[in-house]
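Positions are given from 1 along the sequence. Every number for a ligand or one of its atoms is a count from 1 in the order of the listing.
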Amino acid sequence: MDAAEFRRRGKEMVDHVADYLEKIEERPVYPDVEPGYLRSLIPTEAPVEPDSYEDIMKDVERVIMPGITHWHSPNFFAYFPAASSYPAMLADMLCSAIGCIGFSWAASPACTELETVMLDWLGKMLQLPECFLAGTHGHGGGVIQGTASEATLVSLLAARCKAIRRVQLLDPKKSEAEILSKLVAYTSEQAHSSVERAALIGAVMMKKVPTDSLYAVRGEMLKKILEEDKAAGLIPFYFCATLGTTPSCAFDHIADLGPLCNQENMWMHIDAAYAGSAFICPEFRPLLNGVEYADSFNFNPHKWMLINFDCSAMWVKKRTDIIGAFKMEPLYLKHENQESGKTFFGLKLSQSIPLGRRFRSLKMWFVFRMYGLQGLQAHIRKQVGLAKEFESLVRADKRFEICAPVVMGLVCFRLKGTNELNQSLLKKITKSREIHLVPCQLSGSFVLRLAICSRSTEFRHIQQAWQHITQLAFELLNKNEKACTFQI
Ligand code: PLP
């Protein structure tokens, strides 16, 4: 493909993408294929002679689309949102064209510098304390990670390194292995599985802290476990708080937990993967109060801030904590502006696990400039409003119950009755392929989660979703009733 053909195909592709997204609602949101469906649709070997572009595009519809779960359909309500916007897609095209691998300042100065500045812009939108910003003199700063899971892992590994050094400073005879066997990390029993996974990868013990009736960890709950563990000779070193838990969007009490972690010399990381975007709205910002006690904070603009995957923003109070844990400096990565005085631009690569880094800040820059803070706030508020509308529909139907406070764009609800009944309802919903939801478990109950996900979801989609759910529930309850009558 030469430049002339690229111009033609590129324009066609933009039309194709716009058509796909404009008409996405006409497609069933959930695919109707069996595992292994794809292998039989394409050859067993890569072509020796080139295929034509037309044939490839035909195969997109024949092979790929049948196996797509349409995350950007207005009828997609599963998991949490995957952000998407046209400015981010255009920036991603440019990112692919530039194609730099921005692991250091010298590898592409604009890539490294824009990332640092965008994380400062975003930190200011969230009103993060000054200590998290890089500015020109700061000790903190932000870095773009691929996912929240990576951010949690990076924070845990940095905390582990810091704790080992601290213990060895007091008792130089203690071996690293001995200290490692005593280190304990903590998180909520409602935390995302990626937190437990970070401990598994980091080879440290992790304990789950019980939550209150609203599924949030409180200071006293952590304190109790810490006392027991310290008395048993263990070394608490890390706590991962969640703001906006995956099952129910609950918020740990970081204003209580933070001082406790600081007092105990424990690293506090905050995982706000989904909810973090909402903190740009003044009405949600109080939920972030207490962030000043944290050592690191992370959320995913690729979930709810209109920046396409992947873009996970992580800030640390002291860059040196992270850099100190991961720094490697082979000769081929060294350059003369390595430690350019105040900004440490050259050390970006030391703040993440992979060496190679895409120019992800470009899509932040495009989105921030084309939406503005007000546009981003409007997006969050619209989606929260839709969740509240859905909550009202559920509350008005006595057969259903709401299972957790609806704070942001997630509604947890269920049919009053057994877990089996709700499992059957979800099975019917999934099979219908008209809307897509996933479940969660809260206090032993099987609960349905409806998250407002797509940028194109409107009130009519919420109404249609509710009509569909109640219709399927009606069929299910009727069938159950008939079965009971028959048994009698
Ligand atoms: N933390 C929370 C609270 C989440 O809800 C999720 C995913 O939904 C994650 C972490 C994992 O996010 P990622 O896929 O970016 O690792």
Side-chain angles (χ1 to χ4, degrees), residues 69 71 76-84 122 142-157 185-202 206 208-209 211 214-217 238-254 257 268-279 284 287-288 291 294 296-315 352-354 357-358 360 363-364 383 387 404 407-412 436-442 447 449-454:
T69 300
W71 279 64
F76 181 91
F77 301 106
Y79 316 106
F80 276 137
S84 169
L122 185 53
V143 64
I144 304 177
Q145 305 284 2
T147 60
S149 311
E150 275 172 69
T152 305
L153 177 61
V154 165
S155 68
L156 181 128
L157 295 177
Y186 301 84
T187 196
S188 160
E189 61 185 5
Q190 295 284 321
H192 191 264
S193 56
S194 54
V195 181
E196 201 175 345
R197 201 142 174 259
L200 208 65
I201 299 170
M206 176 161 269
K208 301 277 184 72
V209 185
T211 53
L214 295 180
Y215 308 109
V217 175
Y238 175 88
F239 174 65
C240 176
T242 312
L243 294 180
T245 58
T246 316
S248 68
C249 201
F251 294 83
D252 289 345
H253 294 255
I254 54 169
L257 291 156
M268 181 162 90
H269 175 69
I270 299 176
D271 169 12
Y274 163 68
S277 298
F279 301 144
F284 292 116
L287 289 164
L288 187 57
V291 67
S296 52
F297 168 71
N298 164 252
F299 84 98
N300 285 347
H302 71 230
K303 275 192 162 51
W304 207 13
M305 208 178 243
L306 298 167
I307 301 170
N308 293 50
F309 190 82
D310 55 345
C311 181
S312 185
M314 178 188 192
W315 289 266
S352 43
I353 294 167
R357 327 185 71 249
R358 293 175 72 234
R360 290 178 287 209
K363 55 191 174 188
M364 288 183 133
Q383 298 220 320
V407 182
M408 292 185 177
L410 176 68
V411 185
C412 291
H436 190 46
L437 311 180
V438 291
C440 70
Q441 192 157 46
L442 292 174
V447 168
R449 285 169 86 264
L450 182 136
I452 309 296
C453 289
S454 167

What's the separation between atom OG1 in Thr245 and atom OH in Tyr274, rounded to the nearest 0.5 Å? 11.0 Å

Any idea which part of His302 is under 4.0 Å from ligand 1, heavy-atom wise: side chain, backbone, both or neither? side chain

Any idea which atoms of ligand 1 are less than 4.0 Å away from a heavy-atom of Phe80? 5 (O), 8 (O)

Less than 4.0 Å is my threshold; does some heavy atom of Lys303 fall inside it relative to ligand 1? yes

With respect to atom 1 (N) of ligand 1, which of Asp271, Thr152, Val195, Asn298 exhibits the smallest heavy-atom separation? Asp271

Grab the two heavy atoms, one from Gln190 and one from Pro247, that are nearest each other, plus how far apart they are. OE1-CG, 3.3 Å

N/O separation below 3.5 Å, Ser149 to ligand 1: yes

All heavy atoms of Gln145 vs all of Val154, minimum pair found to be NE2-CG2, 4.0 Å

Please check if the distance between the ring centroids of Trp304 and Phe299 is under 6.0 Å. no

Side chain to side chain contact (heavy atoms under 4.5 Å, CB included) with Cys240: of His192, Met268, His269, Glu196, only one passes, and it is His269

Do we see a donor-acceptor contact under 3.5 Å between the side chains of Ser312 and Asn298? yes

With heavy atoms under 4.0 Å as the rule, classify the contact between Asn300 and ligand 1 as side chain, backbone, both or neither. side chain

Please work out, at 4.0 Å between heavy atoms, whether the side chain, the backbone, both, or neither of Ser194 comes within that distance of ligand 1. side chain

Min N/O separation Thr246 to ligand 1 under 3.5 Å: yes

Specify the closest pair of heavy atoms between Lys208 and Ser188, including all atoms of both residues, with the distance to one decimal. CD-O, 3.7 Å

Measure the distance from atom 11 (C) of ligand 1 to every protein heavy atom, then report the residue, atom name and distance (to 0.1 Å) of the closest one. His192 CE1, 3.4 Å

Report, in ascending order of atom number, the atoms of ligand 1 lying under 4.0 Å from any heavy atom of Gly244. 3 (C)

